Amino acid sequence: MIELGILFGLFLVTALALIFVLLRRQNSKTENADGLLIEQARRLQAQNDRVTYGTGAVNGYMPTVRDPHRR
């Protein structure tokens, strides 16, 4: 019975800590879009890398429509 009390006590402490962390955050808006632009550039680079270095390109298959190095 003591073990259950300790278990539920730990659950309660964890829940209170999570609530505290969530309430402590500020709900401010982003003032600029630098982070979004960086994320977009990284996503496009990853997409190009998947096409360029994918199994089709490495194994000698015909390049796909998205391949920027198409002939």
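Remember, predicted model here, so these are calculated numbers, not experimental data. Numbering starts at 1 and runs along the sequence shown.
- Rounding to the nearest 0.5 Å gives a distance of 10.0 Å between CG of Leu22 and CZ of Arg24.
- From Leu10, atom CG reaches atom CD1 of Ile6 across 7.5 Å, with rounding to the nearest 0.5 Å.
- If you take CG on Leu44 and CG on Asp49, they are separated by 11.0 Å, rounding to the nearest 0.5 Å.
- If you take CG on Leu18 and CG on Leu23, they are separated by 11.0 Å, rounding to the nearest 0.5 Å.
- Between Gln40 atom CD and Gln45 atom CD the span is 13.0 Å, to the nearest 0.5 Å.
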